[in-house]
Protein chains: 4
Amino acid sequence: MDAGERLFLEKGIAAASIDDIVRAANVAKGTFYLYFQSKDDLVAALRERYVETFQRRIADYEEAANPSDWSQRMQRFIEAVVETYLGSVELHDLLFHSADHHPERRASQSEEGIVRGLADRLKAGTEAGAWRVEDPEMTAILLYHAFHGALDHVAMTKKRKPSTKAVVATLRSFFSRVVQQT
Amino acid sequence: MDAGERLFLEKGIAAASIDDIVRAANVAKGTFYLYFQSKDDLVAALRERYVETFQRRIADYEEAANPSDWSQRMQRFIEAVVETYLGSVELHDLLFHSADHHPERRASQSEEGIVRGLADRLKAGTEAGAWRVEDPEMTAILLYHAFHGALDHVAMTKKRKPSTKAVVATLRSFFSRVVQQT
Amino acid sequence: MDAGERLFLEKGIAAASIDDIVRAANVAKGTFYLYFQSKDDLVAALRERYVETFQRRIADYEEAANPSDWSQRMQRFIEAVVETYLGSVELHDLLFHSADHHPERRASQSEEGIVRGLADRLKAGTEAGAWRVEDPEMTAILLYHAFHGALDHVAMTKKRKPSTKAVVATLRSFFSRVVQQT
Amino acid sequence: MDAGERLFLEKGIAAASIDDIVRAANVAKGTFYLYFQSKDDLVAALRERYVETFQRRIADYEEAANPSDWSQRMQRFIEAVVETYLGSVELHDLLFHSADHHPERRASQSEEGIVRGLADRLKAGTEAGAWRVEDPEMTAILLYHAFHGALDHVAMTKKRKPSTKAVVATLRSFFSRVVQQT
DNA sequence: AATGAATGAGTTTTCATTCAT
DNA sequence: TATGAATGAAAACTCATTCAT
């Protein structure tokens, strides 16, 4: 899986052959097929691993926050997302946005989970009076993609890449305006 | 090009062979290579055509608005984006987000152009006192991806798909909050 | 061996993998190679087992007949062949007629044994004045294949399959004509 | 097709790879797949070609006989079968008896055609009073397989191979006895 | 005696691209 | 300008066999 992930990142999924992967992993071709039914199966396994790792990291981060301090919780959430994404946007995009256009499968589990989590938080915060959000589901979608796109952009920036702190601040401010936080 | 576009949408770029395309177009294989250097070249041509069509449509829409009425201009802009995207997200994603992950090429021309245009408008609107945006470039990026993601989501929704009007209203409201329009 | 025989019959020799066989037999791959040198070796073992079983059954049947009553002996012989073949034509064809065409090995031991036995009987019967056969070797070959083909045909017949008795009668009558039995 | 036929005869169907075939035919691998969908498809094409050739040769032979002289017609028929089979038993067995045991497909078209033809002749001859055959269908099957097996045997005989003439005479005599020709 | 993970040579098949007509 | 037969490199996948445990 590590060899596959590395090669997929380097050359793209289509361009990395099973041959390349097993050579990099120092195993025989048959060994690959002992553990994965096909190349697609490996991609699926990598997707699963990505989602698990990602969600564990977000959870770890948020844990430390005071559950009733919504401002702090969102701060932590945004920090978690930024830190985690910046280290893995390439992989995320590779696994969830490239591949061969399977309309049905698109808008993948990974995103769904995060978006749903975000919507839940927005609703809870509204009920707690921390802010005012009329359509939490749609807002979650808009925020998710805004953040994702921005982090994609930052990750792609070669020179004068802004600091993590600056990115967090920018997203925090964007978030505040969107939820009309007082 | 039409045959290619149709088949790419149906089966994905990798899965649609030149053979399929020329058969659909009712020409011989050689004829294809008379007009395109390679399969990639066709994809590039489709990308170019997409960008042109897209930008012409946005411009057409906005033209009718009163240049000094920023509220109306943004309304028109959002309407244009929604109308145009809803009819072509699939194609857009196919051409600009799938394919073989060429990190360099990513964050494509298409997006850059629109994001730059949006940033310019945000800046001008701020200068005209229509709203207040501190970091127009970053805000443009955030807005662009928020909109794009939301439209992607809507396009993918199978049942109870919201009306264009409702989508425009949602995005308009999101926009207002983000730019702290008074 | 049983698992192999069953799977070979179900899927064909080439299509049944060692993996399938050991899984069906509930043993490990290594265990297979403890008892058989190769897949071919298993096929050879099945062939041997088939010939032994077949010839024992024929012998058992004929034993009960009066050795000097040729008419009865042939009746018993034909009964034995019909009974035995009808239960195993598929296996017989699988083991002796499919496989990878090794011209040398063809016209296999199994057939040779039976044909020789038949020729001997024809000769003995002629000497005993029971019938008149000029070229016993050739006649044995002709009879063997006639019987084998007919039984193959019957075994393959799906609906309105004739009874064993009817088949025996048909073959008996064919035999009589061929040996010009009076 | 010629290269395939030659190699299949030499090494067996399974052992002859597409690679071998295209090398022998002096064409590229792709060319093979331009004309045949798969290896099986080539085998099917060879089967078809075999049946056509075979039946044309039988028909050519019989044509010369006097239609009302049944003795002569059968003589011609047997001559045709012997001549034709002796030159192609190996190929016939390869195409129709080896392969991967497809119970349903067995007892192939080739045989069916010939057996049916033979049954028709037996019936017509009986009606014309040339001989007496009670069950023409079954007799045809028995005769077909007797002949086929005998010719197989002759073709396989390495030393002291009997002459075509001798084989024809043997089969002719066998036939006479079976149909109780007077 | 039994196991089963690992092997890798070998096979079929695909398809973008070329080029003589 | 158009054709389409021919190409062949490259890819995915299979499976009989081995051998350290």
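Naming convention: chains lettered A, B, ... in sequence-line order (proteins, then strands); numbering from 1 in each chain.
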Legend entry - C:Leu42 CG - F:dC15 P separation (whole Å): 16 Å
Inset, instruction - In whole angstrom, give the distance that lies between atom CZ of B:Phe36 and atom C1' of F:dA2. - result: 15 Å
Legend entry - Sidechain N-carboxylate O distance under 4.0 Å for B:Arg47, B:Asp40: no
Inset, instruction - Please determine, for the side chain of B:Ala28, which listed nucleotide (F:dG4, F:dG8, E:dA1) has the closest atom? - result: F:dG4
Inset, instruction - Look at the aromatic rings of A:Tyr85 and A:His92 and report parallel, tilted or perpendicular, splitting at 30° and 60°. - result: perpendicular
Inset, instruction - Using modelled atom types only, decide if a donor and an acceptor are shared between the side chain of C:Thr53 and the backbone of C:Arg49 within a distance under 3.5 Å. - result: yes
Inset, instruction - Using the criterion of both pairing distances under 3.5 Å for Watson-Crick and G-U wobble pairs, give all stems of 3 or more consecutive pairs involving DNA chain E. - result: E:2-21 with F:2-21
Legend entry - Atom pair CD (D:Gln37) and CG (D:Leu42), whose distance is rounded to the nearest 0.5 Å: 12.5 Å
Legend entry - Single hit among B:Tyr50, B:Phe96, B:Phe54 for side chain to side chain contact (heavy atoms under 4.5 Å, CB included) with B:Leu91: B:Tyr50
Legend entry - Where A:Asp20 and A:Lys11 come nearest, the two heavy atoms and their spacing: OD2-NZ, 2.9 Å
Legend entry - Parallel, tilted or perpendicular, as decided by the 30° and 60° cut-offs, for the rings of B:Phe32 and B:Phe36: tilted
Legend entry - Atom-pair distance (CD1 on A:Ile21; C1' on F:dA11), nearest Å: 12 Å
Legend entry - Letter per nucleotide, 5' to 3', of nucleotides 15-21 of chain E [B base touched, S only sugar-phosphate touched, - untouched; heavy atoms, 4.0 Å]: BSBB---
Inset, instruction - With the side chain of B:Tyr35 defined as its heavy atoms from C-beta on, choose the nearest nucleotide among F:dT3, F:dT1, E:dT3. - result: F:dT1
Inset, instruction - Using atom CG of A:Asn26 as one end and atom P of E:dA6 as the other, report the distance to the nearest whole Å. - result: 13 Å
Inset, instruction - Using a 4.0 Å heavy-atom cut-off across all strands, classify B:Val27 as base, sugar-phosphate, or nothing. - result: sugar-phosphate
Legend entry - Ion pair A:Asp60/A:Arg56, N-O distance below 4.0 Å: no
